[in-house]
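Heads up: the structure comes next, in structure tokens.
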Amino acid sequence: MSSPQEVLPFQAEVTQVLRLVVHSLYSQKEVFLRELVSNASDALDKLRFRAITDPALLAGDERLAIRISTDAEAKTLTLEDSGVGMTRDELVKNLGTVAHSGSKALLEELAKRGDGSAPSLIGQFGVGFYSAFLVASKVEVTSRAAGSSEAWRWVSDGQSSFAMEPAERTERGTRIVLHLTENAGEFLAAWRLREIVKRSSNYIGYPIELEVEKRTTEGGPLEKVWERINEAKALWQRPKSGITNEEYEAFFTEVAGGGGKPFAWTHFKVEGTTEFAGLLYVPAERPFDFSFDGKQRGLKLFVKRVLILDDCAELGAPWARFVRGVIDSDDLPLNVSRELLQDSSIARTIKKQVTKKVLDLLEETAAAKPREYEAFFQAFGSFLKEGAANDFESRERLAKLLRFHSTFTAEAAAGASSFVSLPDYVARMREGQSAIYYLAGDKASAVASSPHLEALKKRGFEVLLLTEPVDGFVFESLRTFDGKDLVSALHADLDLEKSEDEKKAYAEAEASVKPLLERAESFLAGKVSSVKASERLTDSPACLVLGEGSLPAHLERMLREAGQPVPPAERILEVNPSHPLVKALLALDAKEPGSDRVREFVEVLHDQAALQQGASLEDPNRFAKRVTDLLTKAAETAAAG
Ligand code: ADP
């Protein structure tokens with residue numbers, strides 16, 4: 001049976017990916033070996049998985065291995081695997097189009113960012129098969145799919161097309177022959193290949209064998225023999241003591257589906273009624289395509305060393321979905337499916353342990369490397385906050401792992417940490433301080449200078465400055481920490497722990513401005529529910545505070561923007577009895593009670609407090625016009641005087 005060779009064009013995107021890969025990775029050619037070995041290992045995983053239900057697929061060849069050989073004369077490097085193989089259609093689709101995940105995502109991201117970002121982006125991907133063209137001017141792929149008797153060959157020079165032809169192949173699996181370019185001669189040397197495999201692919205769970213020439217007997221002839229060059233044991237099954245950091249890092253690249261470094265990892269074996277091994281990584285940086293909706297990869301689930309599910313979100317708490325790694329269970333059945341996992345008590349035990357291990361790891365790392373932990377927190381803190389708000393079982397441990405800015409850290413010396421944790425906050429609470437104070441808003445600088453902080457600052461109390469929308473929810477659902485209430489500085493009944501003298505002084509001040517309070521209340525009816533003398537202001541003339549159960553302005557705005565109904569907020573205007581402006585207004589109202597001028601001043605005072613608190617004005621033009629009028633008058637008086 002010999003049908004003629006058929007030449008097919010690459011899909012346009014393939015040509016794009018090919019150029020990009022070759023162009024961007026020119027100086028790191030050796031990555032091709034890791035990529036091809038990784039593909040071979042995937043093909044072996046797939047075969048082993050399919051053989052669970054169809055053992056005949058292994059028939060005649062139980063050996064699962066990857067073999068590498070070279071031919072110095074022909075200048076070829078050959079990689080062969082006894083994996084699942086590819087049919088003709090699969091060869092055409094997998095190696096002729098950009099249907100698979102990695103390259104497709106790369107192109108989409110590049111279209112968004114522009115070509116300039118290619119070199120940095122490409123490092124975040126498994127660049128895959130096309131990296132063969134980094135070192136080869138021609139690539140031949142001969143493959144026989146498991147269970148099929150036909151073999152096919154795919155040949156290409158990596159330009160614009162590839163050829164397909166029927167081929168002979170007695171064994172199952174795939175053989176890739178690379179015709180090395182002039183300047184890729186180094187990849188013919190056994191020591192070089194051994195070194196690359198050791199460094200970047202040692203974690204592979206199948207034997208990787210290199211063909212070498214050796215004398216098997218003393219003084220005998222040189223013979224070609226296969227020599228194993230990796231450990232051939234899945235990394236997580238090896239004892240920790242024999243694994244280098246480089247190996248752990250290389251394996252992270254594999255499980256995280258791209259580049260970047262891990263921030264920390266934990267490698268463990270759980271023994272007892274449920275036995276499993278795990279290797280979990282916390283990434284250092286958020287990959288560019290990381291989304292919050294949980295669609296990204298989860299953990300890989302192996303059962304007795306066989307890869308069963310590639311991304312298994314069910315194996316950890318939902319907030320821990322940024323964790324990457326593998327779980328290898330001895331107890332789950334090989335035919336376990338996602339559905340079965342949901343009501344498996346073994347899976348529940350695993351999930352509990354995984355969540356615990358992640359918390360242990362974060363706590364240890366936060367203690368050992370506080371600065372690095374803060375950087376990690378900036379990238380992934382939202383996940384921990386989500387957990388602190390939703391995960392009832394872990395919330396206490398998670399609350400301790402959160403980091404915030406505060407009035408103290410905002411003023412910290414250069415080089416000092418700009419974050420505080422709740423335990424640190426509690427440890428440095430002032431004598432007589434009974435609550436943990438916070439203020440939520442959407443800009444750090446605005447929150448830090450909010451008039452609501454004045455009295456707390458004056459007392460030397462630290463206030464946490466929450467600037468992420470999720471923070472407010474976290475605090476509302478936590479309510480307490482370490483037995484102390486979490487109290488918003490916006491809250492109307494702020495307990496400021498006053499002394500008797502202070503209480504007396506306040507009563508006097510309140511009595512002194514009473515006529516103005518009543519006047520303002522009547523002018524501002526509909527805008528505020530009441531006007532009070534403030535206990536918290538020292539420098540500002542007025543501020544708006546919220547009645548119990550009212551949403552902060554930034555949350556209100558978020559809801560409104562999302563088209564959600566917003567409950568009417570109860571706002572209270574607090575005025576500072578000792579501020580010169582308030583004193584002057586009081587005098588003006590005594591002179592011309594309830595005049596239009598008084599009304600105008602009161603309204604501007606209110607609008608300015610609303611702005612400061614992050615609310616938007618009903619009529620910003622009117623506000624601007626009034627401020628302009630007032631400034632004009634002030635400037636005219638100044639010029640005349
Ligand atoms: P990726 O591995 O990111 O999917 P690649 O370009 O490396 O992208 O490979 C494309 C596809 O070709 C793989 O998804 C796989 O289906 C197939 N493939 C590659 N190498 C092999 C192999 N040695 N054996 C079987 N299939 C393979």
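Start at 1 and go down the list; that is how both ligands and their atoms are numbered. Quick note: residue numbers are just sequence positions, from 1. When reading the values below, keep in mind they use all heavy atoms of this one structure, side chains included, and skip hydrogens, waters and symmetry mates.
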Does the separation of the ring centres of W265 and F251 fall below 6.0 angstrom? no

If you measure every N or O of N94 against every N or O of ligand 1, does any of those distances drop under 3.5 Å? yes

Ring centres under 6.0 angstrom apart (W154, F129): yes

Centroid-to-centroid, F187 to F32, below 6.0 Å? yes

Any N or O on D42 sitting closer than 3.5 Å to an N or O of ligand 1? no

Within reach of ligand 1, part of E35 (heavy-atom separation under 4.0 Å): neither

Distance to the ring centre below 6.0 angstrom and angle to the axis at most 45 degrees; does that hold for R144 and W152? no

Per-atom contacts of ligand 1 with K46, taking only distances under 4.0 Å to non-hydrogen atoms: 16 (O)

In ligand 1, the atoms that come under 4.0 Å of a heavy atom of F129 are 5 (P), 6 (O), 7 (O)

At under 4.0 Å between heavy atoms, is it the side chain or the backbone of I176 that contacts ligand 1, or both, or neither? neither

Centroid-centroid under 6.0 Å between F376 and Y373 rings: yes

